[in-house]
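So you know, we letter chains A, B, ... as the sequences are listed, proteins then strands, and number each from 1.
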Number of protein chains: 2
Amino acid sequence: MARKQGSHSDITGPKVREAALRLIARHGYAAVSMRQLAAEVGVQAGALYNYTPDKQTLLFDLMRDHLVDVIESFDKADPKSDANSRLRAFVSFHIRYHLPRADAVFVAYMELRNLEPENFAAIEKLRRAYEDRLEAILRQGEAEGAFAMKDARVATRAIIGMLTGFFTWYRQEGRLPLEEVEAIYWDLVCKAVAR
Amino acid sequence: MARKQGSHSDITGPKVREAALRLIARHGYAAVSMRQLAAEVGVQAGALYNYTPDKQTLLFDLMRDHLVDVIESFDKADPKSDANSRLRAFVSFHIRYHLPRADAVFVAYMELRNLEPENFAAIEKLRRAYEDRLEAILRQGEAEGAFAMKDARVATRAIIGMLTGFFTWYRQEGRLPLEEVEAIYWDLVCKAVAR
DNA sequence: TTTTCAAATGAACAGATGTTCAGTTAGATG
DNA sequence: CATCTAACTGAACATCTGTTCATTTGAAAA
């Protein structure tokens, strides 16, 4: 039954990636088998190997593509002006970007330990690159006299942990609209790094 | 070779739990087999079933015992006085308690999705109970006029995410002494919820 | 010394695992 | 129309999975 209607690599490829993201986010990389993934896509297990050389590379590609997109998107959203505006943009971007991408965030944060060493190193580099964006903003704020904190590196990690923890463990309750969540977080972050 | 020297349940039992915590933290629940765990303990796979009815219950017990201990320990450390003192005690407790228990923290935060539904519900209840301790402090602070924030529930999650993120993803670098880390975090938290 | 039994072994179970590949199919091409 | 070939099937591979249990061991009690 090969080449069914609408069953081209242009369609199956993205389907594999979407299904992998969803299943891995829900059950974890090690707990999802290639046969489960194939079933979710509507294909036999062997067909997946037209889209990835192996399971490990599939995981790596999902994480890398997500992080590369995060960084590129932020660089576009960054006003590159004063530290306060940039920090506000960072918080806003982080929340708005991650909210509709819960599965990708989950995978990128939870599956690091399932990466083989060289893959892990590459992903850590990307994660670090994103953190460095925030750290640079905090240091700019210190230089401008707008912010004050005891340790910019720890503050960076604390803020990212604070922002990401929300999307990582607490699924959208719908209690609060996006603007509200953004305002609440901005209030906390803004005050935390204030002089 | 049964009952080797010093090989009683008083010794093997804790060894199983320690090895499980270490291996699951490092590789994930699904990625650790009972045979790997047994090898780490220095025993055959079958012997593990003297210490747990099954793999799932082992995971659940590790998570439950950790969370129960967290809550009990905090309740002892809680000064139960003014909100500012209590918040300071919470931050100090959280950091000092979790720092030497990185494996348990990791497992309790990362393996929720590998719990069967009723086990998940029980663990979520415990996690919520700990969060509620912090939320109560924040609300007390609001009532006293000491703190001000837009949403105490979101602030609770943000603060816990901020504190826990540190132990979850960033292994101790040794760059900063414990007192320093505590001071940095207290500074951030304190300002974030300030009026 | 003999007895006892908690604690461990090691084989067996049925089924799942990631991956490969010769063969089949059907939409697109000429 | 016949041909081509990307996309997929389905069986096979060696190995691993959680769990059970009859059997063996050896330290401690009698």
Mind calculating the distance between CG (B:Asn50) and C1' (D:dT25) to the nearest angstrom?
-> 14 Å
N-O pairing of A:Arg133 and A:Asp75 below 4.0 Å = yes
Interface polar pairs with nucleotides 11-15 of chain C, N/O, under 3.5 angstrom:
none

Looking for any heavy atom pair under 4.0 Å, which part of the strands does A:Val41 touch: base, sugar-phosphate only, or nothing?
-> nothing
Rounded to 10°, the angle between the first-five-pair and last-five-pair axes of the helix from C:dT1-D:dA30 to C:dG30-D:dC1 is 10°
Under 3.5 Å, side chain of B:Arg195 to main-chain N/O of B:Gly145, donor-acceptor pair present?
-> yes
Quick check: does any side chain N or O of B:Arg64 sit under 3.5 Å from a backbone N or O of B:Ala122, one acting as donor and the other as acceptor?
-> no
Cationic tip of A:Arg113 above A:Tyr29 ring, under 6.0 Å, 45° of axis = no
To the nearest Å, how far apart are A:Leu48 CG and D:dT9 C1'?
-> 12 Å
Check whether any side-chain N or O of A:Ser33 sits under 4.0 Å from OP1 or OP2 of C:dT17, and answer yes or no.
-> yes
Hey, which of B:Phe74, B:Trp186, B:Tyr185 is the one that makes ring pair (Phe, Tyr, Trp, His ring centres under 6.0 Å) with B:Phe90?
-> B:Phe74
Check whether any side-chain N or O of B:Tyr49 sits under 4.0 Å from OP1 or OP2 of D:dC21, and answer yes or no.
-> no
Report the residue (A:Ala47 or A:Ala30) whose heavy-atom-nearest nucleotide on DNA chain C is the more 5′ of the two.
-> A:Ala30
When you measure from the side chain of A:Ser73 to the backbone N and O of A:Asp69, does any donor-acceptor pair fall under 3.5 Å?
-> yes
Separation of C:dA7 C1' from B:Tyr51 OH (nearest whole Å) = 6 Å
Would you mind reading off the distance between A:Glu116 atom CD and C:dG18 atom P, rounded to a whole angstrom?
-> 14 Å
Within residues 53-61 of chain A, residues whose heavy atoms come under 4.0 Å of DNA chain C | A:Asp54, A:Lys55
From C:dG18, D:dA7, D:dT19, nucleotide with atom closest to A:Met34 side chain | C:dG18
Donor-acceptor contact below 3.5 Å, side chain B:Gln56 vs main chain B:Asn114 | yes
Between D:dG18 atom C1' and B:Gln36 atom CD, what is the distance in whole Å?
-> 13 Å
If we only count heavy atoms from C-beta on, is the B:Glu182 to B:Asp187 side-chain gap below 4.5 Å?
-> no
Hey, does the side chain of B:Thr164 reach the backbone of B:Ile160 with a donor-acceptor pair shorter than 3.5 angstrom?
-> yes
Does the A:Lys191 side chain pair with the main chain of B:Ala194, one donor and one acceptor, at a distance under 3.5 Å?
-> yes
Does a side-chain N or O from A:Thr12 land closer than 4.0 Å to OP1 or OP2 of D:dC8, or not?
-> yes
When you check the gap from the basic side-chain N to the acidic O, do A:Glu18 and A:Lys15 get nearer than 4.0 Å?
-> no
Are the aromatic rings of A:His66 and A:Tyr109 close, with centres under 6.0 Å apart?
-> no
Here the distance between atom P of C:dG27 and atom CG of A:Asp10, to the nearest Å, is 16 Å
Under 4.0 Å between a side-chain N or O of A:Gln44 and OP1 or OP2 of D:dA11?
-> no
